[in-house]
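The model shown is predicted, which means the values in this text are computed figures rather than measured ones.
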Amino acid sequence: MKHRKGFPIWTNLEIDIQSSCNRDCDFCPRFWDRSGVRKDEKGNQILTKMPSEKVYDLINQAYKLGFQGKIKLHRLSESLLDKRYLEFAQYIKAKGLKLYENTNGDVFKKNHALCSQLDGLIEHLTIGLYDYKNEREKQEEMIYWHSQFKKTEIAFSLPHENCTIRQGAKVYFKVTKEPRALYLPCRQPSRMMLIRYDGEVSLCCEDDVCHFDLGNAFEKSLLEIWWSYKHIKIARELEKPGGRHKLKRCSQCYNAQKINLLA
């Protein structure tokens, strides 16, 4: 992976090809958003797609910079709702890049043919299991999903058993937080390039509103944004234990703390 200014290229690239999700989970940072990014002031979903030419351009930029890590096509959204997903997946595969994805699985259940079309194009697929009521139902769901994919590696997200405390989520305000989590180093800004559907770049997965004003990938190159003095300075600060206390948004982030909502 290429280094510039002593700072390595990202290992994870997330391109948010569209803004919406068909679920409204209380553990998701989308839940209380009324900013106009994910929901408007009345709580209605924002429905916007990233232009196809921008998606291809971002993939091409990353490829030319020598990026060889993981690409995902979502940011707090359900990317499979976008009918362009298959063509993007094929393009990423043709570039020799690795497509990873997270999904709630609902689109696949309604469109079984899509499972076979994407099998192998998606290298690693994490499926959220949100609806099971007991261990038997959970195991049945896992068996079902493994039967749908022969080439793609399958993993599962179990947020009710292993929930990350996220700002903006309903559970953030309901659970007991561990103060020590605020002193842990955060390496997300050193590893993740996160591009929202409108081109705005987030510092990390907790920064969907883009508080840090790192730049817009429709206006600046990925090289300019990632290796900017501002981004590197923030990322290096957060790598230090207790560094998140230097930044207001980060000083309230318990992302490192896991809880069991079923306990």
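- In this structure, Tyr254 and Gln167 have side chains that are not in contact, with every pair of non-hydrogen atoms separated by 4.5 Å or more.
- The pair Glu101-Lys72 does not count as a salt bridge, with every side-chain nitrogen at least 4.0 angstrom from each carboxylate oxygen.
- Using a 4.5 Å cut-off on side-chain heavy atoms (C-beta onward), Lys39 and Asn44 make no contact.
- In terms of modelled atom types and a separation under 3.5 Å, the side chain of Glu123 and the main chain of Tyr100 share no donor-acceptor contact.
- The two residues Leu222 and Ala62 come nearest to each other via the heavy atoms CD1-N, 4.2 Å.
- Using a 4.0 Å cut-off between charged nitrogen and carboxylate oxygen, Asp40 and Lys42 do not count as a salt-bridge pair.
- Atom CD1 of residue Ile92 and atom CG of residue Leu73 lie 4.5 Å apart, to the nearest 0.5 angstrom.
- Taking the ring centre of Tyr172 as origin, the terminal cationic atom of Lys177 falls inside the region bounded by 6.0 Å and 45° from the ring axis.
- Both tests hold for Lys54 against Phe218: distance to the six-membered ring centre under 6.0 Å, angle to the ring axis within 45°.
- Note on Phe212: it does not cluster hydrophobically with Met192, by side-chain heavy-atom contacts below 4.5 Å among ILVMFWY residues.
- The shortest side-chain heavy-atom distance between Thr11 and Gln68 does not fall under the 4.5 Å cut-off.
- No hydrogens or angles considered: a donor-acceptor pair under 3.5 Å links the side chains of Tyr56 and Glu87.
- The structure places CZ of Arg187 at 8.0 Å from OG of Ser190, a figure rounded to the nearest 0.5 Å.
- Under the 30°/60° scheme for interplanar angles, the aromatic rings of Trp226 and His231 are found to be tilted.
- Put simply, Leu203 and Val209 are part of two different groups of oily side chains (I, L, V, M, F, W, Y) that touch within less than 4.5 Å, one to the next.
- Phe67 and Trp10 have tilted rings, their planes meeting at an angle from 30° to 60° on a 0 to 90° scale.
- In this structure, Thr103 contributes its side chain and Gly105 its backbone to a donor-acceptor pair below 3.5 Å.
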Q) Stepwise, does the side chain to side chain contact (heavy atoms under 4.5 Å, CB included) test hold for Met50 with Ile15? A) CA-CA 9 Å; Met50 181 183 288; Ile15 302 173; 3.7 Å; yes

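- Residue Lys220 qualifies as open at atom NZ: its count of foreign heavy atoms under 6.0 Å is 12 or below.
- With rounding to the nearest 0.5 angstrom, the CD atom of Gln90 is 11.0 Å from the CG atom of Leu99.
- In terms of modelled atom types and a separation under 3.5 Å, the side chain of Glu200 and the main chain of Asn216 share no donor-acceptor contact.
- In summary, the side chains of Asn60 and Tyr91 do present a donor paired with an acceptor at a separation below 3.5 Å, with no hydrogens or angles considered.
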Q: Show your reasoning for whether side chain to side chain contact (heavy atoms under 4.5 Å, CB included) applies to Asn255 and Ile165.
A: CA-CA 5 Å; Asn255 186 273; Ile165 301 178; over 6 Å; no

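- Counting non-hydrogen atoms of other residues, nucleotides and ligands closer than 6.0 Å to NZ of Lys230 gives a total above 12.
- Lys240 places none of its side-chain heavy atoms less than 4.5 Å from the side chain of Pro185.
- Between the side chain of Ser202 and the backbone N or O of Cys210 there is no donor-acceptor pair closer than 3.5 Å.
- Using a 4.5 Å cut-off on side-chain heavy atoms (C-beta onward), Glu237 and Cys250 make no contact.
- In this structure the side chain of Leu261 reaches within 4.5 angstrom of the side chain of Val171, judged on heavy atoms.
- Judged by distance alone, with hydrogens and angles left aside, the side-chain atoms of Thr126 form no donor-acceptor pair with the main-chain N or O of Ala155 at under 3.5 Å.
- Electrostatic pairing of Glu206 and Arg249 does not count as a salt bridge here, judged by no charged N lying under 4.0 Å from a carboxylate O.
- Distance alone, capped at 3.5 Å, places no donor-acceptor pair between the Arg75 side chain and the Tyr197 backbone.
- Panel note: side chain Thr48, backbone Ser19; no donor-acceptor pair is recorded below 3.5 Å.
- With hydrogens and angles left out, the side-chain atoms of Glu161 and Asn260 include no donor and acceptor closer than 3.5 Å.
- The shortest non-hydrogen separation linking Leu58 to Ala217 is CD2-CB, 3.8 Å.
- Checked by atom type, the side-chain pair Thr164/Lys258 shows a donor-acceptor distance below 3.5 Å.
- The two residues Pro51 and Arg84 have their closest heavy-atom pair at C-NH1, 3.8 Å.
- In this structure, Phe173 has its ring center at least 6.0 angstrom away from the ring center of Phe31.
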Q: Start with the C-alpha distance between Glu140 and Arg136, add both sets of side-chain angles, then the distance that settles salt bridge (charged side-chain N to carboxylate O under 4.0 Å, His left out), and finish with yes or no.
A: CA-CA 6 Å; Glu140 287 176 350; Arg136 177 183 61 79; 2.8 Å; yes

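- Checking each of Arg23, Lys109, Lys138 against Asp131 for a salt bridge (charged side-chain N to carboxylate O under 4.0 Å, His left out) leaves exactly one that passes, namely Arg23.
- At a threshold of 4.5 Å between side-chain heavy atoms, the hydrophobic network of Ile, Leu, Val, Met, Phe, Trp and Tyr places Leu184 and Leu182 in two separate groups.
- Residue Phe108 is tested with Tyr144, Tyr85, Phe149 for a ring pair (Phe, Tyr, Trp, His ring centres under 6.0 Å); the sole match is Phe149.
- Salt bridge Glu239/Arg236: present, at least one basic N to carboxylate O contact under 4.0 Å.
- Val201 and Leu76 are assigned to two separate hydrophobic clusters, defined by single-linkage of ILVMFWY side chains at heavy-atom distances under 4.5 Å.
- Residues Val37 and Arg196 are in side-chain contact: their nearest non-hydrogen atoms beyond the backbone lie under 4.5 Å apart.
- Remark: Glu135 CD is packed, more than 12 non-hydrogen atoms of other residues, nucleotides or ligands lying under 6.0 Å away.
- Across Gln148 and Cys115, no two heavy atoms sit closer than the pair O-CB, 4.0 Å.
- Rounding to the nearest 0.5 Å places CD1 of Ile17 at 4.0 Å from CG of Asp82.
- With 3.5 Å as the limit, one finds a donor-acceptor pair spanning the side chains of Gln45 and Arg30.
- Two rings, from Phe27 and His160, have their centers less than 6.0 Å apart.
- One finds the CD1 atom of Ile122 at 6.0 Å from the CG atom of Leu80 (value rounded to the nearest 0.5 Å).
- The pair Lys49-Asp16 does not count as a salt bridge, with every side-chain nitrogen at least 4.0 angstrom from each carboxylate oxygen.
- Taking both residues in full, the closest heavy atoms of Asp33 and Arg38 are given as OD2-N, 2.7 Å, listed atom of the first, atom of the second, then distance.
- The nearest pair of heavy atoms linking Asn22 to Leu81 is N-CD1, 3.8 Å.
- Judged by distance alone, with hydrogens and angles left aside, the side-chain atoms of Gln252 form a donor-acceptor pair with the main-chain N or O of Lys248 at under 3.5 Å.
- Hydrophobic cluster membership differs between Val107 and Tyr130, with clusters built from Ile, Leu, Val, Met, Phe, Trp and Tyr side chains linked at under 4.5 angstrom.
- Annotation: side chain of Val55 is not in contact with side chain of Asp57 (no heavy-atom distance under 4.5 Å).
- Considering CG of Leu121 and OG of Ser116, their distance stands at 10.5 Å, rounded to 0.5 Å.
- Asp119 places a side-chain N or O within donor-acceptor distance of the main-chain N or O of Lys151, the cut-off being under 3.5 Å.
- Within the 3.5 Å criterion, the main-chain N or O of Asn104 finds a donor-acceptor partner in the side chain of Glu78.
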